[in-house]
Amino acid sequence: MDKVYTEVIKIAGDVITVEAEGIGNRELAEVRSRFGVSLAQVIRMDGQKVSLQVLSGSRGISTDARVRFLGRPMMVSFSDDLLGRVFTGSGEPRDNGPRMTGEMVPIGGPSVNPVQRVVPKNMVHTGIPMIDVFNTLVESQKLPIFSVAGEPYNQLLARIAMQADVDVIILGGMGLKFDDYLFFRDTLEKAGALPRSVLFVHTASDPTVECLLVPDMALAAAEQFALKDKRVLVLLTDMTNFADSLKEIAITMEQIPSNRGYPGDLYSQLAARYEKAVDFKGAGSITILAVTTMPGDDVTHPVPDNTGYITEGQFYLKGGRIEPFGSLSRLKQQVNGNTREDHRAIMDRMIQLFADYRETLEKLSMGFQMSAWDKKLLKYGERFENELMDLSVNIPLEQALDLGWQILEDCFTPQEVGMKLALIEKYWPRK
Amino acid sequence: MSETRTGRVIGVNGNMVAAGFDAQVMQNEVAFVVCGSDRLKAEVIRVRGKSCDLQVFEDTAGVRVGDRVEFAGKLLSVDLGPGLLGQVFDGLQNPLEGLAAGHGFFLKRGVYLPAIDREVVQEFTPLVKTGDRVRSGDRIGTVPEKIFSHAIMVPFGLEGQWQVVDVVTKGTYSRKHVLARVRDEQGETVEISMVQTWPVKIPIKAYDEKLKPVKPLVTKVRIIDTLVPVAVGGTFCTPGPFGAGKTVLQHKLSRHAEVDIVIIAACGERAGEVVEVLKEFPELNDPRTGRTLMDRTVIICNTSSMPVAARESSVYTAVTIAEYYRQMGLNVLLLADSTSRWAQAMREMSGRLEEIPGEEAFPAYLESRIASFYERAGLVRLRDGSTGSVTIGGTVSPAGGNFEEPVTQATLKVAGAFHGLSRARANARRYPAIDPLESWSKYKGFVPEAQVAKARFYLKRSADVNQMMKVVGEEGTPALDFVDYLKGEFLDAVYLQQNAFDKVDESSSSERQTYMFAVLEKILDKAYVFSSKDEARAFFQGLRQVFINWNSSEFMSEDFRRLEREIAAKIG
């Protein structure tokens with residue numbers, strides 16, 4: 001089985017080609033060259049020609065490099081020893097700890113049978129009104145944060161992770177700046193969450209191919225914890241780097257690009273990862289929170305665009321705040337009917353009024369006269385922004401709803417708000 | 001070509017496997033790639049000399065060069081017979097419940113189960129007798145299935161006239177039992193059981209003629225039924241950016257549309273959304289039949305993380321099942337969500353075949369494939385004079401929400417109605433977010449056309465005035481224009497928008513829509529005089545408040561009457 005091949009016939013980008021026999025698709029190999037040993041994965045076969053992507057990159061690989069096929073696909077080891085550890089994208093320890101031992105599980109496994117899923121029903125409380133009230137996060141949801149580079153998306157990700165009630169946190173870092181990696185590690189440590197966390201980290205200076213493996217490693221481990229009844233939160237940052245790595249490999253393999261250089265299967269590739277979010281019938285769950293940076297704040301860019309079609313909504317982070325427009329939690333309806341009876345009405349009406357406020361702002365900026373209604377909206381919008389939208393606000397849901405009514409009462413008459421009478425009678429604050 | 005023909009794998013590229021063969025192969029025939037203990041289903045999609053390309057419907061991890069390939073000698077087909085209703089299948093018609101029972105949480109590759117359990121016994125009532133002359137699609141008898149009398153038909157593939165040789169008597173038989181035999185003039189005999197198979201990519205055409213769709217299909221979604229109606233046997237498409245509510249809208253249609261059978265093809269979309277249907281439908285009652293919604297539903301689900309090639313076949317599987325029930329004289333609604341994912345599956349395969357790409361790398365045959373899919377919809381007159389229909393509604397997920405892209409454009413050419421969802425409306429929480437000005441329909445609805453024209457006029461007018469106001473401001477807008485603006489906004493708020501989470505408001509019967517619209521017409525027609533714009537705004541706000549309560553009161557209930565009087569008093 002362990003036949004060694006020593007003739008590399010082609011090296012292009014991070015992909016090498018050797019002539020070999022009896023090799024399985026996506027099998028792993030070990031490539032030994034003067035500068036060290038690296039894993040490589042079979043990605044295409046044409047007759048005897050086997051193409052492999054080299055995990056640590058092709059730099060320094062000579063045409064007589066020794067390629068030994070391992071007869072197995074990429075795997076992640078799974079045991080409780082994983083907790084508290086930091087690994088690279090190819091599963092090597094990054095924290096000077098011992099190598100992974102334990103049950104080996106193939107990564108990128110088959111998808112969950114839809115009939116074995118349950119309808120998610122548990123709200124994840126975050127203490128952020130823009131999430132809890134307006135776009136409730138739900139256990140087993142897959143949700144990215146859309147933002148431009150420079151926004152505090154990693155801080156937001158970490159804050160939600162710290163406040164959410166979960167058993168295991170798995171971080172998959174792709175193209176992470178080294179300080180960002182340290183930020184996550186320190187934050188987890190400070191909050192005492194490190195012993196229930198596993199980190200798979202690819203930093204910006206690591207080889208591209210390793211970046212591709214991070215989500216699969218993180219999600220394969222998450223799946224094992226979830227099958228053991230654990231509620232797992234997976235943080236993936238930043239999926240745009242993952243997509244860019246896909247693009248790089250696809251172009252090296254001379255695939256026809258579809259949109260702005262990205263391969264035609266970008267949607268399927270992203271979906272295969274995000275769809276790992278699941279609430280198992282009779283076992284644990286996986287919730288995925290990801291970051292998708294939008295080049296040029298352009299939501300129609302292929303990465304955020306395809307992501308939006310896959311995920312169950314998105315949080316749109318702009319100017320350090322979660323924007324009500326563009327943000328969406330598709331699963332909120334599963335839970336916000338059982339929180340408090342006024343939750344949905346407050347959510348809908350406050351956003352509609354906020355939309356009117358934005359229109360009024362536009363009118364104001366063009367120098368139009370403000371009607372009595374406009375003035376009310378201006379007062380409302382300002383309070384909404386300061387008391388609900390600001391990310392420093394940290395209050396439980398009930399309190400946020402009460403605050404919502406208070407703001408409405410301070411700015412409008414019940415008739416102007418136009419909600420169902422029964423709710424107004426019950427919740428409209430009386431002086 | 002009955003002997004087993006085999007070949008060998010000579011290349012692997014993603015889910016495309018190249019195979020060499022010695023004997024002969026058939027384009028689009030089913031083949032199996034033997035990978036260890038797994039037999040992976042595949043389809044021949046290109047032949048070149050002594051090698052052919054197969055699209056594999058499964059993950060190809062571990063497939064080796066030299067692995068055995070077996071050619072099955074038949075096209076990709078589905079089972080048609082009693083027992084389909086209420087089931088959940090994957091894109092290749094594998095029953096997912098069955099897979100779950102055998103293999104647990106995950107989908108195991110290479111496992112194929114029969115779609116219809118042949119061992120089940122059912123009561124069969126014959127409709128023909130020995131000596132009767134029959135043609136393909138004629139009924140030889142019936143078996144009960146849920147609320148329907150399921151017709152057992154002469155196989156659709158038989159050509160010309162056939163004569164019944166013998167037929168069993170009324171009684172219970174297993175689904176694989178031969179119920180009748182028919183013979184043609186050449187003396188060829190064919191056995192008929194409850195189940196027949198049919199290749200998914202070929203339309204079933206065992207009917208007399210295709211008719212023009214004219215009758216409105218009541219969806220109970222007001223904006224659709226009134227402004228952009230759908231016809232029984234017609235087609236419609238719903239393009240929209242993500243988050244605009246395509247899937248929510250389709251789910252509404254699947255629940256409330258007045259049809260006999262609904263086929264949901266969840267093609268390359270989120271698994272979670274299918275699960276919602278799966279868990280909800282068995283609990284929900286169909287007011288028309290008193291049974292659960294699941295009893296009239298078939299779900300074909302090939303969600304986004306399931307193998308891509310099977311996604312491509314899933315819409316064909318769905319439409320074939322729809323056509324099968326149409327042959328029984330039933331009205332079927334097929335909802336495909338999303339046709340863009342189906343088109344992307346074609347694109348992925350085209351890329352691996354290294355075909356010359358068209359626009360946005362979609363293959364050149366994209367348009368003709370989309371057209372031939374939608375053309376499988378239609379109202380038909382069957383050979384016994386009754387009619388049946390397949391109505392197709394497909395969502396489109398355009399890249400970047402831009403309707404200029406190839407899939408949307410190709411779909412618009414063949415669809416009878418266009419329900420364009422707009423991000424602006426979705427952001428303003430105006431649901432359903434169908435853009436009333438951009439969308440169109442070639443079909444006629446049940447609300448009188450003159451009334452609809454009036455509504456359209458005010459919507460357009462209101463949008464124009466709103467646009468103008470952005471330039472000249474409210475103070476520069478004439479009072480009359482401002483009232484027109486408010487009228488349009490009012491119409492939008494109380495009629496076009498519908499609260500999907502209100503038990504009453506979520507579905508509006510045709511009677512209720514007609515009734516409401518007459519009241520609305522009065523409101524629109526009236527010339528109002530207000531002393532100020534603030535007064536005008538307050539008036540319509542007040543009217544809206546009552547109207548919204550009216551919307552959530554049971555039709556013709558006491559509450560309904562009371563609120564109606566209140567509205568009448570307000571408009572004077």
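Computed over heavy atoms, backbone and side chain alike; hydrogens, waters and symmetry mates excluded. Given the structure is predicted, the values throughout are model-derived calculations rather than measurements. Here is the naming used below: chain letters follow the sequence lines, and residue numbers restart at 1 for every chain.
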Report task. For the residue pair Phe69(A) and Val50(A), establish whether any side-chain heavy-atom pair is separated by less than 4.5 Å. Result -> yes

Query - Top contributor to chain B contacts, counting heavy-atom pairs under 4.5 Å, from Gln48(A), His301(A), Gln141(A), Gln314(A) - result: Gln314(A)

Query raised in the report: What part of Pro324(A) lies closer than 4.5 angstrom to a heavy atom of chain B: side chain, backbone, both or neither?
Result: backbone

Requested in this report: Please state whether the rings of Phe106(B) and Phe280(A) are parallel, tilted or perpendicular, taking 30° and 60° as the class boundaries.
Outcome: perpendicular

Query raised in the report: Any side-chain heavy atom of Glu275(A) within less than 4.5 Å of one from Lys142(A)?
Result: yes

**Report entry** Part of Gln269(A) lying under 4.5 Å from any heavy atom of chain B
**Finding:** neither

Query raised in the report: Checking Pro73(A) against chain B: side chain, backbone, both or neither under 4.5 Å from a heavy atom?
Result: neither

Query raised in the report: Given that the side chain runs from C-beta out, which part of Gln255(A) has a heavy atom under 4.5 Å from chain B: side chain, backbone, both or neither?
Result: neither

Report task. Examine the side chains of Asp505(B) and Ser552(B) and answer whether a donor and an acceptor come within less than 3.5 Å of each other. Result -> no

Query raised in the report: For Arg273(A), is it the side chain, the backbone, both, or neither that has a heavy atom closer than 4.5 Å to a heavy atom of chain B?
Result: neither

**Report entry** Region of Leu227(A) in contact with chain B, defined by heavy-atom distances below 4.5 Å
**Finding:** side chain

**Report entry** Under 4.5 Å from any heavy atom of chain A - which part of Val471(B)
**Finding:** backbone

Query raised in the report: Any side-chain donor-acceptor pair under 3.5 Å between Gln541(B) and Arg544(B)?
Result: no

**Report entry** Heavy-atom contact with chain B under 4.5 Å, split by part of Lys420(A)
**Finding:** both

**Report entry** Pro304(A) versus chain B, the contacting section by heavy-atom distance below 4.5 Å
**Finding:** backbone

Report task. Look at Lys276(A), Arg26(A), Arg72(A), Met45(A) and state which one has the largest set of heavy-atom pairs under 4.5 Å with chain B. Result -> Met45(A)

Report task. Sort out for me which of Ala355(A), Ser371(A), Ala272(A) touches chain B most, counting heavy-atom pairs under 4.5 Å. Result -> Ser371(A)

Report task. Using non-hydrogen atoms and a 4.5 Å limit, figure out which bit of Lys49(A) sits close to chain B: side chain, backbone, both or neither. Result -> neither

Query raised in the report: Which bit of Glu21(A) comes within less than 4.5 Å of chain B, counting heavy atoms only: side chain, backbone, both or neither?
Result: neither

Query raised in the report: Is the cationic atom of Arg341(B) (NZ for Lys, CZ for Arg) positioned less than 6.0 Å from the six-membered ring centroid of Tyr309(A) and within 45 degrees of its normal?
Result: yes

Report summary line: One option among Ala277(A), Gly47(A), Ser258(A), Ser140(A) has the most heavy-atom pairs under 4.5 Å with chain B, and it is Ser258(A)

Report summary line: Whatever's closer than 4.5 Å to a heavy atom in chain B on Thr311(A) counts as backbone

Query - Choice from Asp59(B), Val65(B), Asn13(B), Val17(B) maximising heavy atom contacts with chain A below 4.5 Å - result: Asn13(B)

Query raised in the report: With a 4.5 angstrom heavy-atom cut-off, which part of Arg117(A) approaches chain B: side chain, backbone, both or neither?
Result: both

Query raised in the report: What part of Arg352(B) lies closer than 4.5 angstrom to a heavy atom of chain A: side chain, backbone, both or neither?
Result: side chain

Report task. May I ask you to check whether Thr60(B) and Asn25(A) show a side-chain donor-acceptor distance below 3.5 Å? Result -> yes

Report summary line: Looking only at Asp265(A), Leu421(A), Leu328(A), the option with the highest number of non-hydrogen pairs under 4.5 Å against chain B is Asp265(A)

Requested in this report: State which residue, out of Val138(A), Val278(A), Asp279(A), Val118(A), fulfils the side chain to side chain contact (heavy atoms under 4.5 Å, CB included) condition with Ser285(A).
Outcome: Asp279(A)

Report summary line: Under 4.5 Å to a heavy atom of chain B? For Arg349(A) that would be side chain

Query raised in the report: Would you say the side-chain atoms of Ser268(A) and Glu348(B) include a donor-acceptor pair closer than 3.5 Å?
Result: yes

Query - Proximal component of Glu97(B), with respect to chain A [non-hydrogen, under 4.5 Å] - result: both

Query raised in the report: Should the ring pair Phe354(A) and Tyr357(A) be called parallel, tilted or perpendicular, given that the plane angle runs from 0 to 90° and is split at 30 and 60?
Result: tilted

Report summary line: Cut-off 4.5 Å, heavy atoms of chain A, and the answer for Pro398(B) is both

Query raised in the report: Side chain, backbone, both or neither: which part of Pro257(A) has a non-hydrogen atom closer than 4.5 Å to chain B?
Result: backbone

